[in-house]
Amino acid sequence: MKKQFNPAKLEKLNNPARLEMIDPLYIWERLKMKHHDIKVEIGAGTGLFSRAFQKLSGKGKTMALDISPEMVAYMEEHGTVDGTAIQPILVSDGRLPLEDGSADLVYMITVHHELDDPDGMLREAHRILRKGGRLFIVDWNGNNLAMGPSAAIRCAPEQVASQLEKAGFSNVTIDPGFENFFLVLADS
């Protein structure tokens with residue numbers, strides 16, 4: 001079963017209703033971050049959430065990572081790059097092209113269920129976070145199977161929390177968050 005989002009459907013990722021279903025302000029308030037100069041979105045797609053969190057932080061830079069050349073090209077073409085705030089980056093080998101301890105915040109939104117090696121990706125996320133950095137993951141819960149990926153590839157929030165702890169994260173908490181999604185927060 002193919003788990004990766006089809007780039008041919010990328011316009012679905014720009015639907016403003018996504019920002020209503022997964023409210024960035026709700027998440028931002030729960031993060032309670034003191035430092036948020038460098039933010040990293042893994043699986044940024046078209047950059048919709050990268051832009052939202054960059055706007056909420058009001059400073060620093062967001063690295064918008066994606067494995068799809070089409071998505072990175074889309075972000076570059078459609079103004080998600082402003083020179084200092086959002087930088088699209090193509091990821092090709094499962095290793096995040098960032099230095100150890102370089103990020104204040106790492107996040108994934110509706111991406112975790114697509115990962116072929118979630119343990120490896122979470123170790124990478126932990127590696128790039130500075131001490132005291134934060135991570136959050138939003139993914140599909142099982143409440144509404146008419147939307148999103150099939151039940152066969154969805155993951156439970158408890159499974160994600162366990163993977164985070166195994167990768168070295170602490171203070172892992174599950175927030176039911178949203179009607180069709182769960183939110184897991186953790187510290188590096």
Side-chain angles (χ1 to χ4, degrees), residues 5 10-66 68 71-72 74-89 91 96-99 101-114 121-122 124-126 128-141 148 157 160-161 164 169-188:
F5 186 82
L10 67 81
E11 284 304 325
K12 288 177 82 172
L13 299 179
N14 287 328
N15 185 344
R18 293 182 72 217
L19 296 172
E20 294 171 15
M21 292 188 301
I22 304 170
D23 181 5
L25 182 58
Y26 177 89
I27 297 167
W28 191 253
E29 289 173 346
R30 274 138 193 85
L31 288 169
K32 298 179 179 144
M33 295 188 62
K34 293 178 183 168
H35 304 284
H36 43 80
D37 293 330
I38 303 296
K39 296 161 288 299
V40 177
E41 181 175 9
I42 298 171
T46 61
L48 181 73
F49 286 100
S50 290
R51 290 188 301 277
F53 283 101
Q54 182 61 38
K55 185 175 179 182
L56 282 170
S57 76
K59 65 177 190 174
K61 176 169 32 176
T62 297
M63 311 294 209
L65 281 57
D66 208 283
S68 167
M71 296 296 182
V72 171
Y74 182 91
M75 286 188 278
E76 290 172 343
E77 263 179 56
H78 292 87
T80 56
V81 180
D82 70 1
T84 59
I86 298 175
Q87 179 181 354
I89 300 173
V91 178
L96 302 177
L98 300 168
E99 303 217 1
S102 61
D104 299 301
L105 173 65
V106 174
Y107 60 97
M108 290 185 275
I109 298 177
T110 64
V111 169
H112 191 82
H113 69 276
E114 294 182 3
M121 185 53 67
L122 294 177
E124 274 293 285
H126 191 267
I128 68 168
L129 273 169
R130 69 169 177 77
K131 186 162 179 55
R134 307 268 352 244
L135 171 136
F136 75 83
I137 295 172
V138 173
D139 217 317
W140 296 90
N141 63 29
V160 174
L164 285 166
F169 287 91
S170 61
N171 299 319
V172 178
T173 57
I174 298 171
D175 182 320
F178 311 102
E179 182 180 351
N180 296 306
F181 306 92
F182 62 81
L183 167 64
V184 181
L185 302 132
D187 296 330
S188 64

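Index from 1, following the sequence. Reckoned from all heavy atoms, side chains included, excluding hydrogens, waters and symmetry mates.
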Problem set entry | Step-by-step side chain to side chain contact (heavy atoms under 4.5 Å, CB included) determination, Asp23 to Glu29 | CA-CA 10 Å; Asp23 181 5; Glu29 289 173 346; over 6 Å; no
State, to 0.1 Å, how close [X] and [Y] come at their nearest heavy-atom pair, and which atoms those are.
X: Ala161; Y: Ile174; result: CB-CD1, 4.1 Å
X: Pro24; Y: Ile22; result: CD-O, 3.0 Å
X: Ser188; Y: Gly132; result: OG-N, 3.2 Å
X: Val184; Y: Val172; result: CG1-CG1, 3.8 Å
X: Leu105; Y: Leu129; result: N-CD2, 3.8 Å
X: Ala125; Y: Ile42; result: CB-CD1, 4.4 Å

Could you tell me the separation between the [atom1] atom of [X] and the [atom2] atom of [Y], rounded to the nearest 0.5 Å?
X: Glu99; Y: Ile38; atom1: CD; atom2: CD1; answer: 11.5 Å
X: Met75; Y: Thr46; atom1: CE; atom2: OG1; answer: 7.5 Å
X: Asn171; Y: Leu135; atom1: CG; atom2: CG; answer: 12.5 Å
X: His36; Y: Leu56; atom1: NE2; atom2: CG; answer: 9.5 Å
X: Leu65; Y: Met108; atom1: CG; atom2: CE; answer: 11.5 Å
X: Gln54; Y: Glu41; atom1: CD; atom2: CD; answer: 11.5 Å

Exercise. Looking at residues at least two apart in the chain, or sitting in another chain, which of them share a ring-ring contact (aromatic ring centres under 6.0 Å, His included) with Tyr107?
Worked result: Phe53, Phe136
Problem set entry | Evaluation steps, side chain to side chain contact (heavy atoms under 4.5 Å, CB included), between Thr173 and Arg30 | CA-CA 11 Å; Thr173 57; Arg30 274 138 193 85; over 6 Å; no
Exercise. Does the distance from a Lys or Arg side-chain N to an Asp or Glu carboxylate O, for Asp187 and Arg134, drop under 4.0 Å?
Worked result: yes
Problem set entry | Charged N-O contact under 4.0 Å between Asp104 and Lys39 | no
Exercise. Please walk me through it: do Ile137 and Leu164 pass side chain to side chain contact (heavy atoms under 4.5 Å, CB included)?
Worked result: CA-CA 10 Å; Ile137 295 172; Leu164 285 166; 4.2 Å; yes
Exercise. Is it true that atom NZ of Lys59 has more than 12 heavy atoms of other residues, nucleotides or ligands lying nearer than 6.0 Å?
Worked result: yes
Exercise. Are the side chains of Asp66 and Pro88 in touch, meaning some heavy atoms are under 4.5 Å apart?
Worked result: no
Exercise. Do the non-hydrogen side-chain atoms of Met21 and Phe178 ever get within less than 4.5 Å of each other?
Worked result: no
Exercise. Could you walk me through whether Thr62 and Phe49 pass the side chain to side chain contact (heavy atoms under 4.5 Å, CB included) check?
Worked result: CA-CA 10 Å; Thr62 297; Phe49 286 100; over 6 Å; no
Problem set entry | Short side-chain to backbone donor-acceptor contact, Asn180 and Trp140, under 3.5 Å | no
